[in-house]
Amino acid sequence: MTGVTTHQLLDGKRCSEALKKDIAKAAADEKAARGKAPHLAAVLVGDDGASKTYVEAKVKACETVGFRSTLIRLPETITEEDLLHRIEGLNRDMDLDGFIVQLPLPSHIDPERVTLAIDPRKDVDGFHPENVGKMVLGLPCFLPATPAGICELLKYYSIETAGKHCVVVGRSNIVGTPMSVLLSRNAYPGNCTVTLAHSRTKDLPSITRQADLLVVAIGKPEFITADMVKPGAVVIDVGIHRIPDASKKSGFRLVGDVREEEVRAVCSSITPVPGGVGPMTITSLLLNTLKAARN
Ligand code: GUN
């Protein structure tokens with residue numbers, strides 16, 4: 001071992017800055033043509049700190065590309081009926097091109113009912129069953145932001161995917177499952193042989209070690225270690241966690257689902273945390289909002 005690492009960082013910040021330049025230009029064109037910039041609303045229920053940070057980042061990103069944005073803050077105690085009523089209002093609001101309801105919701109609200117209530121034409125998160133179904137069939141739709149952002153990042157770095165074995169770890173509706181669908185499609189990025197691993201997978205390390213492309217979205221800090229990664233693999237880390245770190249002024253540091261420092265020595269390229277998948281997710285939401293405005 002020489003200790004020399006040759007891995008490439010898949011810089012989501014840089015890629016999203018490049019995409020945002022194009023989005024800003026398109027937003028200006030849209031405004032010139034229609035007399036109005038694309039308009040996104042974000043609904044935040046309650047005071048969850050992480051959700052507040054994400055929603056504020058989404059609203060700020062809108063400003064940087066010349067979109068209009070509206071942040072709708074609702075109390076933790078709002079009833080499901082009242083929230084559904086607010087959603088109906090947003091569906092009817094002609095000034096609004098798209099909106100999202102930030103998840104997770106308080107436990108007394110059924111997220112499925114909420115998702116179903118959103119007009120699929122305004123569902124820029126791509127969570128409504130109509131959009132999910134269209135995604136599976138390869139029809140035009142809003143793609144969920146995180147997997148779509150990962151696809152944009154793979155494109156930006158011209159990462160070959162055809163014929164590769166992709167292992168997706170985590171089967172959530174918003175990341176793992178749609179990611180497995182998108183990477184198995186006859187498209188670029190895509191044409192992978194996909195394995196979707198989850199909490200009931202037996203001998204996970206033997207599966208992840210087969211991955212040419214490893215996408216990790218399990219929500220467990222630093223779960224993937226170097227011995228679970230095939231030498232030369234491309235590693236996409238979707239996780240983001242605050243862990244206590246007395247050596248930091250803030251008292252914490254951010255880590256992903258992958259033990260980045262040791263995996264860097266094995267893989268060919270990896271998304272950093274922060275600055276990898278996170279910025280791409282937000283940029284995908286902007287792309288979906290632009291699409292909604294054009295529709
Ligand atoms: N919570 C975590 N990720 C997301 C997302 O992409 N959209 C929404 N609405 N909530 C989330």
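Atoms within each ligand, like the ligands themselves, are counted from 1 in listed order.
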Checklist entry - Of all residues at least two apart in sequence or in a different chain, which pass the side chain to side chain donor-acceptor pair (under 3.5 Å) check with Ser247? => result Asp245
Next on the checklist: Going by salt bridge (charged side-chain N to carboxylate O under 4.0 Å, His left out), name the residues that satisfy it together with Lys134, two or more places apart in sequence or in a different chain.
Outcome noted: Glu130
Checklist entry - Does a side-chain N-to-carboxylate-O contact under 4.0 Å join Glu63 and Lys60? => result no
At less than 3.5 Å, what protein N or O atoms come close to the N or O atoms of ligand 1? Include the distances to 0.1 Å.
| unit_1 | atom_1 | unit_2 | atom_2 | d |
| --- | --- | --- | --- | --- |
| ligand 1 | 1 (N) | Gln102 | NE2 | 3.2 |
| ligand 1 | 1 (N) | Leu103 | O | 3.0 |
| ligand 1 | 7 (N) | Asp125 | OD1 | 3.1 |
| ligand 1 | 7 (N) | Asp125 | OD2 | 3.2 |
| ligand 1 | 9 (N) | Val101 | O | 2.8 |
| ligand 1 | 9 (N) | Asp125 | OD2 | 2.6 |
| ligand 1 | 10 (N) | Gln102 | NE2 | 3.4 |
| ligand 1 | 10 (N) | Leu103 | N | 2.9 |

Next on the checklist: With side-chain contact (heavy atoms from CB on, under 4.5 Å) as the criterion, how do Arg113 and Leu83 come out once you've worked through the C-alpha distance, each side chain's angles and the decisive distance to 0.1 Å?
Outcome noted: CA-CA 10 Å; Arg113 279 194 82 189; Leu83 178 59; over 6 Å; no
Item to check | Listed partners of Asn131 passing side chain to side chain donor-acceptor pair (under 3.5 Å), at least two apart | outcome: Asp123
Item to check | Sidechain N-carboxylate O distance under 4.0 Å for Lys20, Glu17 | outcome: yes
